[in-house]
2 protein chains.
Amino acid sequence: MAVSSLHVTKPTPVHSAESCRPVTEILARIGDKWSVLVVMMLSEGPRRFSELRRMIDGISQRMLTLTLRGLERDGLVTRTVTPSIPPRVDYELTTLGRSLREPVTALGRWAIDNRPAMLKARAAYDAAQDGD
Amino acid sequence: MAVSSLHVTKPTPVHSAESCRPVTEILARIGDKWSVLVVMMLSEGPRRFSELRRMIDGISQRMLTLTLRGLERDGLVTRTVTPSIPPRVDYELTTLGRSLREPVTALGRWAIDNRPAMLKARAAYDAAQDGD
DNA sequence: CTGCATCCTCCTGGATACTG
DNA sequence: CAGTATCCAGGAGGATGCAG
């Protein structure tokens, strides 16, 4: 099929909104306030509910529960109940959950490397707004 | 100083909540509903406001404006006004903005690779809930 | 200790109408 | 075309109290 240069009103969209939907989906899952933090806290091994609660400063019991449920639902963590008295519940990353650490760590490196630049830009922008 | 094995109540926290704060910050910025999508749309070059509006299906004018303002504030995009009639405004990724594409793309690859597993886990979880 | 239910507040984001 | 202003619904998330 001969390819002409006709009706090239737009260049070929390499990054269509279509192909970015999975990214958006994942961001909707891990982009919340606590999910990534919980995954990072579970990086080194299983943790009890109360351990996570103490490790993650500022998280409410409700949100820790909800976050863990969400991660469990999507197969990122497992929940193990030990019916002792008092009861004990351990959470652990699944293989899928552990694999998520890599891209998140990459994002973390970017964040650490570029945070100064972002803060500087933000300060400059805000200063320009005041200056007007 | 001699290092004893005393009071080792907890193993050394490699991933403290402290070290994850930058990640959380970045996620708070790009974890919203549209930012990543806008950055991806600007990957190939400058785009006009109305172009972006058409490319990103479902975004409202208000949110596109707010998202672009936020990205501009943090030094990820530049805003160029051409005072013609009608007015024309172009947005383009900065060097910082372009550098963000790499970790985001890594996340995108993970998303594409693991979305099936996540959906499967989710379906299994939901089925288990109904079954109880 | 772990978890659920309730209530309440704030922010995000959509719809719409109006300016330059 | 680009942007702002206003109004409004829905969800995220915190505080508290109760249950197993």
Side-chain angles (χ1 to χ4, degrees), chain A residues 9-10 17 21 24-38 41-42 46-74 77-92 125 128-129 132, chain B residues 9-10 17 24-39 41-42 46-74 77-92 125 128-129 132:
Chain A
T9 45
K10 285 183 182 179
R21 194 160 302 165
T24 303
E25 269 188 33
I26 295 302
L27 244 43
R29 159 115 314 284
I30 68 166
D32 63 36
K33 199 172 179 182
W34 303 109
S35 289
V36 165
L37 227 35
V38 169
M41 291 305 120
L42 290 175
R47 289 283 182 266
R48 298 186 57 174
F49 184 88
S50 51
E51 277 184 295
L52 290 171
R53 189 149 156 59
R54 276 189 298 271
M55 291 171 83
I56 304 175
D57 197 63
I59 195 171
S60 66
Q61 187 188 46
R62 173 185 144 86
M63 287 317 296
L64 182 52
T65 301
L66 286 180
T67 301
L68 286 168
R69 284 292 178 282
L71 295 174
E72 185 192 2
R73 185 166 106 104
D74 285 349
V77 309
T78 57
R79 180 170 179 270
T80 309
V81 180
T82 306
S84 54
I85 299 177
R88 173 197 177 101
V89 181
D90 287 271
Y91 292 92
E92 185 173 13
Y125 184 92
Q129 295 307 305
D132 286 342
Chain B
T9 45
K10 285 183 182 178
T24 303
E25 269 187 34
I26 295 302
L27 244 43
R29 160 115 314 285
I30 68 166
D32 63 37
K33 198 171 178 183
W34 302 109
S35 289
V36 164
L37 227 35
V38 170
V39 169
M41 292 305 120
L42 290 174
R47 289 284 182 267
R48 297 186 58 172
F49 185 89
S50 50
E51 279 184 296
L52 290 171
R53 191 151 155 57
R54 276 189 299 271
M55 292 170 82
I56 305 175
D57 196 65
I59 195 170
S60 64
Q61 188 185 42
R62 171 186 143 86
M63 287 317 295
L64 181 53
T65 301
L66 288 179
T67 302
L68 286 167
R69 285 289 180 282
L71 295 174
E72 185 192 4
R73 184 167 107 105
D74 285 349
V77 309
T78 57
R79 179 171 179 271
T80 309
V81 180
T82 306
S84 54
I85 299 176
R88 173 197 178 96
V89 182
D90 288 272
Y91 293 91
E92 185 173 13
Y125 184 93
Q129 295 306 306
D132 287 343

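Chain naming here is simple, since letters A, B, ... match the order of the sequence lines and numbering starts at 1 in each.
- Taking the screw axis at each terminus of the helix from C:dC1-D:dG20 to C:dG20-D:dC1 from five consecutive base pairs, the angle between the two is 40° to within rounding of 10 degrees.
- Listed here is the closest heavy atom pair of A:I30 and A:V36: O-CG2, 3.4 Å.
- For D:dC1, the OP1/OP2 oxygens have no side-chain nitrogen or oxygen of B:Y91 closer than 4.0 Å.
- Distance check, rounded to the nearest 0.5 Å: CG of A:D90 to CD of A:E92 gives 8.5 Å.
- Residue B:S50 places its side chain closer to D:dC1 than to any other of C:dG3, D:dC1, C:dC1.
- In plain terms, the two heavy atoms of B:R47 and B:L42 that are nearest each other are CB-CD2, 3.6 Å.
- In terms of phosphate contacts, B:R79 brings a side-chain nitrogen or oxygen within less than 4.0 Å of OP1 or OP2 of D:dG3.
- Heavy-atom minimum distance, B:F49 versus B:L64: O-CD2, 3.6 Å.
- For A:T65, no side-chain nitrogen or oxygen approaches OP1 or OP2 of C:dT2 to under 4.0 Å.
- In this structure, CD in B:E72 is found 10.5 Å from CG in B:D74, a value given to the nearest 0.5 Å.
- Remark: A:S84 is not in phosphate contact with C:dC1, judged by side-chain N or O atoms under 4.0 Å from OP1 or OP2.
- Of all the heavy atoms in B:D32 and B:R29, the pair that sits closest is OD2-O, 3.2 Å.
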Contact state string [nucleotides 5-20 of chain D, B base, S sugar-phosphate only, - no protein heavy atom under 4.0 Å]: -B------BBB-B--B
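- Note that the OG1 atom of A:T24 and the CG atom of B:L37 stand 4.5 Å from one another [nearest 0.5 Å].
- Across every non-hydrogen atom of A:R79 and A:R69, the tightest pair is NE-NH1, 3.4 Å.
- The listed nucleotides are D:dC1, C:dC4, D:dG3; the one nearest the side chain of A:R69 is C:dC4.
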